[in-house]
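Throughout, protein chains are lettered first and strands after them, A, B, ... in sequence-line order, and every chain is numbered starting at 1. Note: hydrogens, waters and symmetry copies are ignored here, and every other heavy atom, side chains too, is used.
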Amino acid sequence: MIDIKILLNDPDSVRANIRKRFKNIDIDGLIDAVTRANKLKAEADDLRSGKKKLSREFSQAMSRKTGIEDIKKKIEETDARLTAIENESAELEKIKSDLLLRIPNFLSSDVPEGKTEDEKKIVFEGPALKEPGSPVKPHYEIGEERGIIDFKAAAEMSGSRFVILKNKLSALNRALITFMMNENGKNGYEEVYPPFLIKRDMLKYTGQVPDKEEDLYKIEGEDLYLIPTAEVSLVNYAAFLELKEEDLPKRMMGFTSCFRKEAGSYGKDIRGMMRVHQFDKVELVSISVPGKSPAEHEKMLSDASSLLTKLELPYRVALLCSADTVNTSSKTYDIEVYLPSQGTYREISSVSSCTDYQARRMNLKYRTADGGKALVHTLNGSALAVGRTLIAIMENYQNLDGSISVPAALVPYCGFDRI
RNA sequence: GGAGAGAUGGCCGAGCGGUUGAAGGCGGCGGUCUUGAAAACCGUUGUGCCGAAAGGCACCGGGGGUUCGAAUCCCUCUCUCUCCGCCA
């Protein structure tokens with residue numbers, strides 16, 4: 001959520017930001033609703049103030065035994081007007097919250113303007129390990145051949161876009177999680193294991209509601225959703241911690257499974273486990289003082305990237321363009337890993353700075369050094385998506401005989417060096 | 001799942017129909033004292049909204065109701081605790 005004050009005082013900056021994102025939101029309607037709501041609030045506050053006075057006079061009238069009916073009548077009139085105002089305010093509130101939640105975060109000025117995914121800016125590209133032209137089978141073929149993935153049974157049991165990992169691949173999955181958690185821990189992130197189911201309000205605070213609502217799994221008959229990312233759990237957890245300036249940045253990491261309907265991606269990545277409804281991810285979250293969030297963003301990018309370096313997987317980093325940056329984010333880097341079977345780079349991590357956008361929705365504040373309170377900045381990033389890391393290993397470490405070598409950094413974690 | 005008890009400011013805890021946004025304590029901040037620190041003492045210390053300001057309004061788990069007036073009474077939901085049952 002953006003600051004309403006900015007919306008009222010400098011609506012053009014809000015309009016420009018929305019235009020840069022190629023979105024369309026009824027700013028004028030929102031400003032009108034806010035203005036009218038404020039006016040009504042002023043009137044209602046005055047009425048309530050008057051009513052309080054009348055109420056105090058009432059007890060005096062009671063002891064005097066005169067003028068009681070008179071005061072009652074005045075209060076009744078006040079109540080009638082208050083009810084009318086409350087009804088009108090409720091309607092305006094609905095318009096306000098609907099529109100306000102949809103206004104995206106201000107983009108960082110260095111985010112390239114662009115309408116499509118391809119307009120991202122590549123800011124780093126490492127060397128490819130596999131020579132071009134090596135005969136590499138896609139992960140879903142090699143996985144089934146070697147008996148370490150079962151897509152068919154998963155589809156029968158749960159439907160399309162589910163996967164069963166077996167044997168050494170399943171073990172490698174576990175090893176990867178531990179590897180990532182240990183490495184992130186060295187970089188200063190505190191380990192948290194949060195619930196996988198969470199209430200709707202929490203999703204609203206971090207912005208998945210209303211933006212990604214259609215992508216969420218909801219538990220029938222309960223106010224609970226399966227988390228689409230541990231970001232939701234970790235950022236919301238910060239609200240329960242005492243945040244003092246000297247303790248910031250507060251860095252947390254969490255391993256969770258994530259659940260997404262993938263509603264907006266019909267036909268995309270249908271084969272394999274590139275895009276499945278349930279996937280594992282190690283997530284980083286940092287709660288930062290506003291002034292230090294850009295540096296923190298770079299650190300998180302570097303922390304996530306370092307995992308790929310240690311795994312010796314080829315990757316590049318893209319700064320997403322304006323239209324491709326999610327509403328909550330002011331600036332997002334994607335880390336993309338090279339997949340030889342596709343001859344291209346694919347997203348394996350997304351690192352975003354949400355500035356004060358989520359903090360304002362949550363009213364998440366820290367105690368400043370001088371004893372005041374101020375909104376924090378929240379940042380999040382994957383380090384890394386575990387399933388996609390498995391894919392990258394299965395392809396980049398594939399040998400000519402169809403076996404798969406295990407990255408040296410993982411061998412101590414899984415206890416074997418070849419699948 | 002059954003029976004009971006509870007939910008108050010950063011924390012603990014009083015209040016149980018009328019200047020109560022809320023006693024008291026702890027913690028925090030400022031000061032006195034001290035070479036410094038501790039102790040003691042004094043002062044100060046919730047959040048949100050509207051407003052240029054003065055000021056006003058709202059908030060005692062959420063929602064609804066009774067009343068001229070609710071933190072206080074009633075209903076309901078959620079959560080916590082105790083006992084019983086069941087159970088990975």
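- Nucleotides B:G85 and B:G13 place their C1' atoms 35 Å apart, quoted to the nearest Å.
- Taking side-chain N and O atoms only, A:S49 has a distance below 4.0 Å to OP1 or OP2 of B:C57.
- Nucleotide B:G1 forms a pair with B:C84, judged by Watson-Crick or G-U wobble geometry with both contacts under 3.5 Å.
- With distances taken from any side-chain atom of A:K365 to the nucleotides B:G69, B:U78, B:G48, the minimum falls on B:G48.
- Here the side chain of A:N363 is nearest to one of B:C68, B:G48, B:G56, namely B:G48.
- Taking every side-chain heavy atom of A:I75 into account, B:C68 is the closest of B:C68, B:U47, B:U78.
- For the residue pair A:S286 and A:E296, a side-chain donor N or O sits within less than 3.5 Å of a side-chain acceptor on the partner.
- Nucleotides B:A71 and B:C60, compared at atom P, are 6 Å apart to the nearest Å.
- Of all nucleotides listed (B:U47, B:G69, B:A58), B:G69 comes nearest to the side chain of A:S55.
- Put simply, CG on A:D201 is 14 Å from P on B:C79, counting in whole angstrom units.
- For B:G9 and B:C84, the C1' atoms lie 37 Å apart once the distance is rounded to whole Å.
- Taking the P atoms as reference points, B:G64 lies 14 Å from B:U72, given to the whole Å.
- Using a 4.0 Å heavy-atom cutoff across all strands shown, A:K74 reaches no nucleic acid atom at all.
- Within the nucleic acid shown, A:K73 has no heavy atom closer than 4.0 Å to any nucleic acid atom.
- Rounding to whole angstrom units, CG of residue A:N9 and C1' of B:G51 are separated by 13 Å.
- Base pairing annotation: B:C41 forms a Watson-Crick or G-U wobble pair with B:G31, both donor-acceptor distances under 3.5 Å.
- Smallest separation of non-hydrogen atoms from A:E214 and A:A263: O-CB, 3.6 Å.
- Atom P of B:G21 sits at a distance of 16 Å from the matching atom of B:G61, rounded to the whole Å.
- Rounded to whole Å, atom P of B:A58 lies 17 Å from atom CG of A:N38.
- Using a 4.0 Å heavy-atom cutoff across all strands shown, A:K39 reaches no nucleic acid atom at all.
- Summarising the geometry, the separation between CZ on A:R200 and P on B:G62 is reported as 20 Å, rounded to the nearest angstrom.
- In this structure, A:L92 places its CG atom 15 Å from C1' of B:C49, rounding to the nearest Å.
- For the 3.5 Å distance criterion, the side chains of A:T355 and A:N105 qualify, holding a donor opposite an acceptor.
- Remark: P of B:C79 and CZ of A:F240 are 14 Å apart, rounded to the nearest angstrom.
- Each of A:A44 and A:R56 has a nearest nucleotide on RNA chain B; the 5'-most of these lies closest to A:R56.
- The nucleotide whose nearest atom lies closest to any side-chain atom of A:K72 is, among B:G48, B:C57, B:C68, B:C68.
- One interatomic measurement links the two molecules: CZ of A:R48 to P of B:G69, which rounds to 13 Å at whole-angstrom precision.
- The partner of B:U78 is B:A7, by the rule that a Watson-Crick or G-U pair needs both atom distances under 3.5 Å.
- The nearest heavy atom of RNA chain B to A:F58 and to A:I4 marks one nucleotide each, and the one closer to the 5' end goes with A:I4.
- Looking at the side chain of A:K51, the nearest of the listed nucleotides B:C57, B:U47, B:G69 is B:G69.
- Applying the 4.0 Å criterion to OP1 and OP2 of B:C49, one finds that A:K96 has every side-chain N and O outside that range.
- As the counterpart of B:A22, no nucleotide is assigned, since no Watson-Crick or G-U wobble pattern has both distances under 3.5 Å.
- Comment: A:K186 engages A:E183 in a salt bridge, judged by a side-chain N to carboxylate O separation of less than 4.0 angstrom.
- For the pair A:I71 CD1 and B:G69 P, the interatomic distance rounds to 12 Å; values are reported in whole Å.
- Between A:R200 and A:E213, at least one side-chain nitrogen of the basic residue sits less than 4.0 Å from a carboxylate oxygen of the acidic one, meeting the salt-bridge criterion.
- At the heavy-atom level, A:L54 lies nowhere under 4.0 Å from the strands shown.
- Side-chain contact check for A:E395 and A:Y338: no donor-acceptor pair (N or O, by modelled atom type) lies under 3.5 Å.
- Nearest heavy atoms, A:H277 versus A:S160: CD2-O, 3.3 Å.
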